[in-house]
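Presented below is the structure to which this report refers.
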Amino acid sequence: MPIEDLDAPPAFHVYLLGHDSVADHAVTFTGDGSGRHRIDWTGRVALTYSGDEEFRYEFRAEIHEAALAHIALPDGMSGEEGRRHLAHLLDVSERLTESTVDGRPVLRPAF
């Protein structure tokens, strides 16, 4: 924050208060030991659809017992490199196995 270019493609598309903009994201995945996760997502909303570019509103979303199917990797990235990049974000990065989905490289949980 602040957002330099409100017309740039956003990292997230949401519909909270309307067709507005979100920023200042914090997303936390917490494993429950069974391979499922709680996901907590917070951020701020600006009512840009109506012309207001100030991120005045806060939001919070919670998902419980989420089973994550896979994590897509960029073309050319190996599974080992993907696990290394994810190690500081995931509690079980060493338990991800390489696979493909629609011909694209992914990491899947091996629970």
Side-chain angles (χ1 to χ4, degrees):
M1 303 262 299
I3 305 302
E4 292 180 22
D5 183 1
L6 286 172
D7 294 322
F12 293 94
H13 294 276
V14 298
Y15 189 91
L16 290 171
L17 300 175
H19 297 283
D20 300 307
S21 300
V22 293
D24 199 23
H25 303 278
V27 182
T28 305
F29 295 80
T30 306
D32 67 6
S34 72
R36 296 191 178 274
H37 290 76
R38 173 184 167 141
I39 303 170
D40 293 291
W41 176 22
T42 59
R44 300 190 65 77
V45 179
L47 302 177
T48 52
Y49 190 71
S50 63
D52 187 355
E53 296 184 355
E54 186 176 339
F55 289 85
R56 301 176 193 273
Y57 305 97
E58 296 178 359
F59 71 89
R60 177 182 183 87
E62 295 179 12
I63 301 171
H64 299 266
E65 299 182 20
L68 306 177
H70 66 268
I71 298 168
L73 298 175
D75 288 334
M77 180 179 282
S78 71
E80 184 57 39
E81 187 178 2
R83 280 189 290 279
R84 197 168 47 253
H85 281 286
L86 293 167
H88 72 286
L89 299 172
L90 300 176
D91 53 346
V92 292
S93 63
E94 71 281 355
R95 292 171 55 190
L96 298 172
T97 60
E98 295 177 55
S99 186
T100 59
V101 171
D102 297 327
R104 306 246 359 206
V106 300
L107 293 173
R108 289 186 183 275
F111 300 109

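What you see is a predicted model; the values in this text were computed from it and never measured. FYI, side chains are in, hydrogens and waters are out, and symmetry mates aren't considered; it's all heavy atoms of this structure.
Checked by atom type and distance alone, the side chain of Arg44 pairs as donor or acceptor with a backbone atom of Phe55 at under 3.5 Å. In this structure, Asp102 contributes its side chain and Arg104 its backbone to no donor-acceptor pair below 3.5 Å.
Note that the OG atom of Ser99 and the CD1 atom of Ile71 stand 12.5 Å from one another [nearest 0.5 Å]. Interatomic distance, CG of Asp20 versus CZ of Arg56, reported as 12.0 Å (0.5 Å rounding). Annotation: the span from Leu107 atom CG to Glu81 atom CD amounts to 11.0 Å, rounded to 0.5 Å. Here Glu53 contributes atom CD and Leu47 contributes atom CG; the two are 11.5 Å apart, rounded to the nearest 0.5 Å. For the atom pair Arg108 CZ and Leu96 CG, the distance stands at 11.5 Å (nearest 0.5 Å).
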In sequence, state the C-alpha distance, the side-chain angles, and the governing distance for Thr42 and Glu58, and then conclude on side-chain contact (heavy atoms from CB on, under 4.5 Å).
-> CA-CA 7 Å; Thr42 59; Glu58 296 178 359; over 6 Å; no
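In terms of heavy-atom proximity, Thr48 sits nearest to Ser21 at OG1-OG, 2.8 Å.
With salt bridges taken as basic N to acidic carboxylate O contacts below 4.0 Å, one links Glu62 and Arg38.
Other cluster members for Tyr49: none, since no ILVMFWY side-chain heavy atom sits under 4.5 Å from it.
Applying the side-chain contact (heavy atoms from CB on, under 4.5 Å) test to Glu80 and every residue at least two apart in sequence or in another chain returns Ser78, Arg83, Arg84.
Hydrophobic clustering, with ILVMFWY side chains joined whenever heavy atoms are under 4.5 angstrom apart, groups Leu86 together with Met77.
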